[in-house]
Structures are given as structure tokens and as C-alpha cells.
Amino acid sequence: PQVRLQSRDFGQHLSQVDDLLQIHALVEGDVAAQAERVRSVGAAAERFLGEGDGYRPCPPEQLRARVAALELRYRGLSALSAQRRLRLERSRRLWKFLWDAGEEEAWMREQERLLRCPELGRDLPGALRMLSQLEAIRGALGTRAGPLEQLLERGRELLAQGSTESSTEAAPGSTGSAGPPESKNASLGPAGSTEGLPASAPAPSGRPDGSTEPTGGRAEPPEEPPRRRLELRDALGLFAARSEADACALWVGERERWLLSMEIPERIEDLEVVQQRFETLEPELAALAARVASVGRVTQELQGSGDRNRESARETWEQLRDRWERFRALAENKKLALTAALNIHNFRLECHETRGWMREKTAAIEATRALGRDLAGITALQGKLSGMGRDLDAIQGKLRELRAEGEKLQGEQPERAPEIAEGLAGLEAEWDALRRCHRSREESLGQARRLQGFLRDLAALQAWLSRTRAAAGSEDVPASLAEAEGSLRQHESLRTEISHYGADYRSARAAGREVTRGQTDAQSLSLLQRLEALDADWEELGRVWEKRQRLLAQAVAFHVFLRDAKQVEGTLGKQEHTLAHTELPGTVPGAEAAVRRLEEFLAALDTGAERVRALTDTGRKLLEEGGVHAEKVRETVESVESRHQKIRESAQELLGRLRDNWELQKFLQDGQELTLWLNEKLPVARDVSYEGTRDLQGKWQKHQAFAAELAANRGWLEALEKVG
């Protein structure tokens, strides 16, 4: 018991401390059971000393000293027991604190990993899910704040109670807040060193209480001090090696039982718990490896001691080494199995999340079927689908990663290859469904966009047709030539616009035939009816334009006719005025000039007759075409023709009168001239100087000349008489 009570092994973890406490409870029971024996020995000694003078194997003083030493050793043993319990309790509080702190740290590391994750959500549902996860972390932080403060308070109490010493004894090699400590016996020092050994140890020979066996009432003389010292050093080294080997074997046995009984769980929560246990096991393995190595060094140093110590140390070391190697292999195999299970679980989890991701995208795409009632909505949905296309690219990249991971896991774990293949097949099926849904929705949106575009173009074209038909079908009659020519130019520009819209009409018609080809639903039949109405409206527009074109052309021709008629009528009016104000001159030159002027007037009238004929021909053509101005044209044509004819007739009549007047004036002039000649010759005829006799010959000759002149001018008189 004293060896156990003086052991400095206070446990390397919580479960080991609990085991040591249970062992210590058994030791305490043994110690308590020895109390009655110690009291019985004391009472027997007192009785023996009180029996009077008799033979005594030892003096009374020596007997009392032996009883006192026994009681002292028992009290020391009880004190050691109490001290070890105290240290074990302290160690348990420390390891409980470290265990709880380790769990807190593991939880905080996991939350920190989640909070440091750069993933912000692949879409709105993912972002909302991550926001809810963040809120859950915040809530957990709030709920764990109180227990964490209590844990820290326990740590402060441990420090205040001097837990530094106990942690140095029980876990001097601990690191962080939660690393497993090393035992102080992890290093046994050089050969013969007693560092880390109990303060007292059983003597290599002699009695258990350390006293020498009396011989004849005297102690045996001590051996030679150097040799005895070497033997004690070797014995202490062997004891330390055995003690350390026992502690290591105890630890290995506990962990070995745990590993052998451990089954790789299926639930992720259980896997994470086991993983955390392995995380705490790894530093413990490192610490124990150092302790095992120290036992090996001590064994090597004891090879120069006695045969018994050497063989015992070597046997202890080989047993510990073999068991340690087996344990390490077991731990490594379990770790590999755990890692494989975690890899499979993570693979399944990622497959599940990816399938959920794809289902979300499929649901989001399907949800768009109830939207997009107009072209703007369809355009917005196509933009949204384009964004989803980027999400599909990300999903495809994730699928490639999962395929590579699945193939790797199938190679590493052939026994789970069917399960992995099933997971990959599920992913591929979900991916194919998502792509089909996306492609189908894109095609349907494309069709819907074409349909909406067609409906928009059709509505715009029909609205334009209605406006243009109203403009082209106007019945307004221009009131002037300028207005008629302007309207005609505007109407002809409308023809250019109609030609431009011809391409839109043909495009809309072709698009309508495309979207309704092979369709028998009510909407398609309605679209066909609208297409037929579009064709009718387009043909009607052409007819209306042609009608308006004829009307405006007639209006222009009419106003040109009116303009020309006005000019002709102006000329006719001048001609009428000229004829009306022409007088019969009273002289021959005047009469002759009037005739010449009227002849020139008639020549001009003949020349102007071409304009009159052109005007009347235009008028008759307008009359043949009909129209709203036909009556006015008829009146104008008749008026112009009538006036022109009257002017011609009046001019001919006036020409005759002017010519007659000219003849008259010439007659009158000849008569006047004859009268003047007669008046001039009349005095000669009345001359009576011939009655005298003087110069009769001369007078006769004059008379003969006068008679000859009268005879010569008689033709003048006769011609004048004839003209008159």
C-alpha cells in the first residue's frame, strides 16, 4: 500500500483519475482494515509488558519502540492515504476542468470554423439558411456564456488552491487550455537517478517495515557502503522502471479496452464525439511514448547491473514495448477507420447538400412558370435564368469534385463502393433533372418571349395600321392648289412609311405563322384570326391609300385646271374688253390700222386657242375621272369654250366691219380728193376769157389741155362712182 500511496501517478485523464480513485478507495479500505490489527498489536504488547518478570525475548524498551514505530508507520500510512486522496481529488478537479475546457474549446473551434467559412450562400435560400445558422450560433453563445463563466471560476479556484503544484505533479507537460499532461515520471533521468520516485521505497532486502531482522538482539552489520549504494540505486531504478511500466500498462489497458469496445458509429454526432476523443488521445499518445522511451532508457542503463535486475528490467521493457506497439497499431487502425467513416459521412453529407441545392434550383426554376405574363416579365425571368445558369456552372464544378472524391473513396474503401456509386448516381440523376428543367424552362421562355414579342409587334403594327388607315382614308378636300400639293406630298411620304413597315408586316406575319404552326389551342386560333385581320387591314390600307392618292391627284389637277382656267378666262376677258372697246376709225390710216390690229388679234386668238383646247381637254379628262369637282369643271369648260367661240365670232364680225369701214374711208377720201380737184378745176372751167380775141391760140391750147385733164380724170370719177 505504501508504494501505491507514494506513487506520483495522479492520472493522465479524467477516466484514469476516476480509476485511480476507485483503486485508492480499495487501498483506503485495506489501510482502515489494518487499524484494528495495529491496535491489537499495541494491546498485546501492553499485556505482555504487564505480565511481570518473566522471560522476554527482547527488552521492554525495544518492544515499546517497536510498537511506537509500528503506530508511527501506520499514522504515516494514513497520512499518505489522506494526502493521496487529496491529490487525486485535486487531480480529478483539474482533469474535469481540462475536459470541460477541452469540450468548450472544441465547440468554439467548430463555431470559429463555421464563422470563418468564406461561403456566403450560393443563392437567396442558402444565404437565409446561413443567416439562421448565424443566429443559432449567437443564441448558443448566449446560453453557453453562463456555464463558461462557471468553468473559468473553477479554474481560478484551482489556481487559488495551489493547483499549480498538483498540476505540476499530475500534468506538468500540459499545453494550451486542454492538452493532456505528462507524468513527472515521463523522464527517469540517467541510470541510477531516483528523480520522480517516491520519497520512500521498500528496501531491497529485510523486513517490510525497513528494519533489519534482529540476530541475538543485535542488528546485522551494514554492508560496504559503495556496493550497497550501487545495489540500492539499481533497485530503485528497477522499481522506477516497473512502476512506470505498470502505469503505462494501466493506461494502455484502459485505452485498449476503450478502442476494442469502440464501434465506428453511423451518426455524425457520434462520429464527432469519437473524433474529439481521438484528438485528446493524440497528445496523450505522444506523452506516453516519451514515458515508454524513458523506461527503455532506464532498462538500457540497468544492463550493467546484476543479472537478476538486468533480466527483470529487460523482461519489463519487452513486455511494455510489445504492448505499446500493439496499442499504437490498434489506435492507428481505429483512427484510419474513423477517418474513413468521416470521409464517407462527409461525402454523403456533401452529396445530400448538393442534391438539396439542386432541388432548390429546380424548385426555383419551376416557380417561374407562374410568372412572366408580359414581355418585361419574361425578359426579367430570362435574366434570372441566366443568373441561375451561373449557379448551374458552380453546381457542375461541385459535381466534378464529388465525382473525383467518390472515385477516390471507392478505391480506398472497395467494400463501400456500391453505396458511393449509389450516391453518385443520385447526384447524376438530380443533375440531369435540373439541366432538363433549366433547358425546358429556357426553351419555354424563349417561345414565350417570341410569342410576347410577336404580340407586341402585332399590337404595334395594328395600332400603326389603324392610325395610317385613318390618315390615308381622310375625305378632306384641299381648298387650294398649295394645300392639294402639300397633301399629295405628305400622302406620298406616307407611301414610303408604308413600304418601310412592309418588312415589319412580313416579319410579324412570319413570326405569327411560326408560333401557331401545328397549334390547335384557343390562343393559337385567336392568333390566326388576328393574322387574318392583319392581312385584311394591310390590303385595306393599300386600297385606302390608292383612293386617297387618286383623290389628291384629282384635287391637284382640279386646282391646276382652275389656275389655268383663271388665266384663260383672264385672257378671254381682256379679249372681250378689246373687242368691246374697238371703234370704227374715221380716217383711212386709222381704219387700216384697226384692221391690222384686229388681224393680229385674230392671230393671237388662234394662238391662244391651243391653251383653250388644252384647258378644255384637261377639263374633259377630269370629267371622265369623275370626282367631287366634276360640276365645277363642266361649268368652267363650257364657259371657256363658249366665251372663246363668241370672241372668235365677234372678232370676225368686227373684222368685217373694220374692213368695210376701211373701204368706206378710202371711198370718202377719194371722193374728197376728187371734190377738191373738181373745186380746184371749177374756176378754170368757168373762165370766160376765151371770149376775147387776144391770144386765142394760146387759150385754145389751154382749153385743149384742160379737156385732156378732165378726160384723164374721168376714170377716177367713174371708179369712185362704182365704189360708191
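It should be emphasised that the depicted structure is a prediction, and the values quoted were computed from it without experimental measurement.
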Once you round to the nearest 0.5 Å, how far does [atom1] of [X] lie from [atom2] of [Y]?
| X | Y | atom1 | atom2 | answer |
| --- | --- | --- | --- | --- |
| Glu157 | Leu152 | CD | CG | 11.5 Å |
| Asp432 | Leu427 | CG | CG | 10.5 Å |
| Leu399 | Ile395 | CG | CD1 | 7.5 Å |
| Gln529 | Leu534 | CD | CG | 13.5 Å |
| Leu21 | Leu88 | CG | CG | 5.0 Å |
| Gln413 | Lys408 | CD | NZ | 10.5 Å |

Shortest non-hydrogen contact from [X] to [Y]?
| X | Y | result |
| --- | --- | --- |
| Ala394 | Trp357 | CB-CH2, 4.0 Å |
| Ala140 | Trp107 | CB-CZ2, 3.6 Å |
| Ala508 | Leu531 | O-CD2, 4.2 Å |
| Trp324 | Val252 | CE3-CG2, 4.3 Å |
| Ala245 | Thr316 | CB-CG2, 3.5 Å |

Are the side chain of [X] and the backbone N or O of [Y] linked by a donor-acceptor pair below 3.5 Å?
| X | Y | result |
| --- | --- | --- |
| Ser499 | Arg495 | yes |
| Ser507 | Ala503 | no |
| Ser294 | Arg291 | yes |

Legend entry - More than 12 heavy atoms of other groups within 6.0 Å of Arg154 CZ: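 Atom CZ in Arg154 is crowded, with more than 12 foreign heavy atoms closer than 6.0 Å.
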
Inset, instruction - For atom NZ of Lys334, decide whether the heavy atoms of other residues, nucleotides or ligands shown that lie under 6.0 angstrom number more than 12. - result: yes

Beyond-backbone contact of [X] with [Y], side-chain heavy atoms, under 4.5 angstrom:
| X | Y | answer |
| --- | --- | --- |
| Phe327 | Leu285 | yes |
| Leu424 | Phe347 | yes |
| Asp537 | Leu461 | no |
| Ile420 | Ile344 | yes |
| Tyr501 | Leu465 | no |

Inset, instruction - Verify salt bridge (charged side-chain N to carboxylate O under 4.0 Å, His left out) between Asp322 and Arg326, making sure each step is shown before the conclusion. - result: CA-CA 6 Å; Asp322 294 342; Arg326 290 194 304 272; 5.2 Å; no

Inset, instruction - Assess whether side chain to side chain contact (heavy atoms under 4.5 Å, CB included) is satisfied between Val292 and Leu320, documenting all intermediate values. - result: CA-CA 7 Å; Val292 172; Leu320 177 62; 4.2 Å; yes

Inset, instruction - Before giving the answer on side chain to side chain contact (heavy atoms under 4.5 Å, CB included), spell out for Val295 and Thr299 the whole-Å C-alpha distance, their side-chain angles and the decisive distance to 0.1 Å. - result: CA-CA 6 Å; Val295 174; Thr299 302; 4.2 Å; yes

Would you call [X]-[Y] a salt bridge at under 4.0 Å N-O?
| X | Y | answer |
| --- | --- | --- |
| Glu540 | Arg469 | no |
| Arg323 | Glu256 | yes |
| Arg109 | Glu112 | no |
| Arg314 | Glu318 | yes |

Inset, instruction - Sequence neighbours left out, what passes side chain to side chain donor-acceptor pair (under 3.5 Å) with Thr468? Give chain and number order. - result: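 Listed in chain order: Trp464.
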
Legend entry - Pairs flagged by side chain to side chain donor-acceptor pair (under 3.5 Å) wherever residues 415-425 is involved - sequence neighbours left out: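 Counting only pairs at least two positions apart or across chains, the side chain to side chain donor-acceptor pair (under 3.5 Å) contacts touching residues 415-425 are Arg348-Glu419, Arg416-Glu419.
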
Legend entry - Passing option when Glu89 is tested against Arg87, Arg92, Arg85 for salt bridge (charged side-chain N to carboxylate O under 4.0 Å, His left out): Arg85

Legend entry - Matching residue for Glu430 among Lys398, Arg359, Arg435 - test: salt bridge (charged side-chain N to carboxylate O under 4.0 Å, His left out): Arg359

Legend entry - Derivation of the salt bridge (charged side-chain N to carboxylate O under 4.0 Å, His left out) call for Lys335 and Glu332: CA-CA 5 Å; Lys335 183 178 180 181; Glu332 186 65 25; 5.5 Å; no

Legend entry - Exercise: do Trp99 and Glu103 side chains pair donor with acceptor under 3.5 Å: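 Trp99 vs Glu103: donor-acceptor pair found between side chains.
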
Inset, instruction - Determine, step by step, whether Arg530 and Gln462 satisfy the side chain to side chain contact (heavy atoms under 4.5 Å, CB included) criterion, reporting the C-alpha distance in whole Å, the side-chain angles of both residues, the deciding distance to 0.1 Å, and the verdict. - result: CA-CA 9 Å; Arg530 292 183 65 180; Gln462 286 179 329; 3.2 Å; yes

Legend entry - Intermediate values then yes/no, side chain to side chain contact (heavy atoms under 4.5 Å, CB included), Leu134 and Leu115: CA-CA 8 Å; Leu134 179 60; Leu115 294 174; 3.5 Å; yes

